[in-house]
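Before any comments, here is the structure.
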Amino acid sequence: MTRVLSCIQPTGDVHLGNYLGALRNWVAGQHEKDAFHGIVDLHALTITEAPDIVGQSSLQLAAMLFAVGLDPAVTTVFVQSHVPEHSQLGWIMECQVSFGELSRMTQFKDKSAKREHDFLSAGLFSYPALMAADILLYDTDEVPVGEDQRQHLEITRDIAIRFNHRFGETFVIPTAVMPKAGARVMDLQDPTSKMSKSAAADTGLISMLEDPAAIMKKFKRAVTDSDTEVRFDRAEKPGISNLLEILAACTGETPQALATKYTQYGSLKVDTGEAVVETLRPIQARYHELMTDRGQLQSLLRIGADKARSVASATLARAQRSIGMLPA
Ligand code: TYM
């Protein structure tokens with residue numbers, strides 16, 4: 001059976017880009033594939049400053065993952081720090097990747113540029129090594145992610161190939177899987193930047209828990225261009241193309257086919273807003289219901305961590321044997 005793994009950071013609210021680019025694909029394959037999904041709190045520590053936030057965010061994120069449709073009966077949902085093998089293999093991965101390779105990661109360059117005057121942790125720099133460990137620990141075949149994670153997937157493959165070459169066949173080489181529409185959801189106010197929790201203003205970001213009136217307002221105010229033609233062209237018309245792509249991801253049509261149905265920007269904005277509201281409505285209802293029973297969520301996460309550890313510990317032991325470390 002194909003093994004699937006993907007993860008998400010518990011940093012603030014989950015947004016529409018996370019959902020259309022990744023989460024809905026996690027749900028789509030879960031009954032045919034053997035799926036593992038991590039709430040990667042160790043990754044969130046690279047930028048977390050205030051105490052008492054990451055645990056609460058992890059629990060809320062678990063509720064959101066079940067609310068979007070992950071079925072705990074078939075899918076393993078776990079918190080990364082509950083599976084210590086991530087940190088253990090993470091260090092080994094740090095020793096398999098070079099300073100130069102990490103320096104070329106665009107996510108590091110973007111995030112460090114935004115935090116120019118803030119504390120820049122070494123963890124932010126070595127992040128891709130921990131991400132490689134997340135993936136390789138589960139003998140993962142497929143990693144469903146948004147376009148922004150492509151470079152991290154490539155470095156994971158490079159590390160795995162290098163390790164196998166140095167120490168003998170140990171890791172499965174994973175492949176990135178991206179959706180046809182929604183792989184790169186852009187900021188509604190700045191359609192040349194991806195929708196992101198770290199954006200300067202939240203007027204361009206749709207949170208999964210946002211109320212319908214606020215969603216409609218943000219879509220009506222979405223930045224487009226001074227032209228009047230509705231056409232799918234990411235380079236020339238990033239704002240309109242983003243709306244078409246969001247609408248396509250919500251309706252299952254293609255952005256190109258949708259473009260032929262509109263002559264006005266206004267109706268495209270309203271229809272896209274409404275499609276998003278209807279997509280999020282049942283998810284929001286389930287989320288609020290799940291959050292009423294935190295004990296149940298925590299027990300699902302404990303079961304997830306046990307299942308994750310049984311796979312991860314075997315892979316870590318195999319990697320340590322390949323290297324020839326002295327058994328404890
Ligand atoms: P994170 O937490 O930023 O995002 C989680 C998922 O959402 C996707 N995504 C988007 N997709 C489309 N448009 C957007 N604007 C958008 N913003 C986010 C991301 O591609 C991702 O799939 N490094 C990862 C977390 C991670 C991980 C892993 C992922 C850690 N270990 C192992 C896969 C496998 C990250 O920061 O995602």
Side-chain angles (χ1 to χ4, degrees), residues 3-27 35-48 54 57-58 61 64-65 68 77-81 83 86-87 89-90 93 105-108 110-111 123-124 126-157 159-160 174-199 204-208 234 238 241-242 245-246 248-249 308 312:
R3 170 71 56 76
V4 172
L5 170 129
S6 196
C7 303
I8 177 168
Q9 294 194 59
T11 41
D13 286 346
V14 179
H15 59 74
L16 189 66
N18 297 132
Y19 180 63
L20 298 180
L23 303 188
R24 72 193 171 115
N25 278 10
W26 300 5
V27 175
F36 286 74
H37 294 295
I39 295 170
V40 287
D41 54 348
L42 298 174
H43 285 276
L45 298 187
T46 57
I47 47 166
T48 296
V54 71
S57 302
S58 299
L61 181 51
M64 184 52 79
L65 296 185
V68 298
V77 176
F78 62 95
V79 174
Q80 186 186 29
S81 65
V83 183
H86 286 257
S87 307
L89 189 65
M93 295 294 106
M105 293 291 109
T106 50
Q107 183 163 303
F108 173 72
D110 290 350
K111 287 196 177 175
L124 194 64
S126 61
Y127 183 117
L130 182 58
M131 178 157 165
D134 300 337
I135 297 170
L136 300 179
L137 272 177
Y138 296 89
D139 293 334
T140 304
D141 301 298
E142 293 179 359
V143 188
V145 282
E147 183 70 45
D148 60 315
Q149 296 300 316
R150 188 185 287 279
Q151 201 184 23
H152 286 158
L153 253 295
E154 275 161 20
I155 203 172
T156 300
R157 289 169 58 90
I159 294 173
T175 315
V177 180
M178 280 159 214
K180 287 200 179 72
R184 194 164 179 83
V185 177
M186 310 308 273
D187 188 293
L188 298 182
Q189 287 300 313
D190 173 11
T192 56
S193 302
K194 72 167 179 176
M195 185 175 283
S196 155
K197 294 172 249 201
S198 57
L205 178 122
I206 304 289
S207 149
M208 293 295 283
R234 273 190 172 281
S241 301
N242 190 34
E245 203 156 329
I246 293 172

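We use all heavy atoms of the structure for the numbers below, so side chains are in, but hydrogens, waters and symmetry mates are not. Start at 1 and go down the list; that is how both ligands and their atoms are numbered.
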Test your reading of the structure: does [X] have an N or O sitting under 3.5 Å from an N or O of ligand 1?
X	answer
Pro144	no
Asn18	yes
Gly182	no

What about the rings of Tyr138 and His37, do their centers lie closer together than 6.0 Å? no
Please work out whether any backbone atom (N, CA, C, O) or any side-chain heavy atom from C-beta onward of [X] is under 4.0 Å from ligand 1, and answer side chain, backbone, both or neither.
X	value
Ala183	backbone
Val40	side chain
Arg184	backbone
Val145	both
Leu23	neither

Should one rank [options] by closest heavy-atom distance to [atom], which comes out on top?
atom	options	value
atom 36 (O) of ligand 1	Tyr19, Phe36, Tyr127	Tyr127
atom 3 (O) of ligand 1	His86, Met131, Met178, Gln9	Gln9
atom 34 (C) of ligand 1	Thr140, Leu136, Ile135, Ile8	Ile135
atom 17 (N) of ligand 1	Gln107, His15, Met186	His15

How about Ser193 and Asp187: does a side-chain donor come under 3.5 Å of a side-chain acceptor? no
Testing the basics here: between Pro179 and Gly21, what is the closest heavy-atom pair and its distance to 0.1 Å? CD-O, 3.5 Å
Nearest protein heavy-atom contact for [atom]: which residue, which atom, what distance?
atom	value
atom 19 (C) of ligand 1	Asp148 OD1, 3.3 Å
atom 27 (C) of ligand 1	Cys7 CB, 3.6 Å
atom 37 (O) of ligand 1	Gln149 NE2, 3.8 Å
atom 31 (N) of ligand 1	Asp134 OD2, 2.6 Å
atom 11 (N) of ligand 1	Gly17 O, 3.1 Å
atom 15 (N) of ligand 1	Val185 O, 2.7 Å

CG/Asp110 to NZ/Lys194 distance, rounded to the nearest 0.5 angstrom? 7.5 Å
Rounded to the nearest 0.5 Å, what separation is found between the CG atom of Leu153 and the CD1 atom of Ile135? 5.0 Å
Taking the non-hydrogen atoms of Ser6, is any one of them nearer than 4.0 angstrom to ligand 1? yes
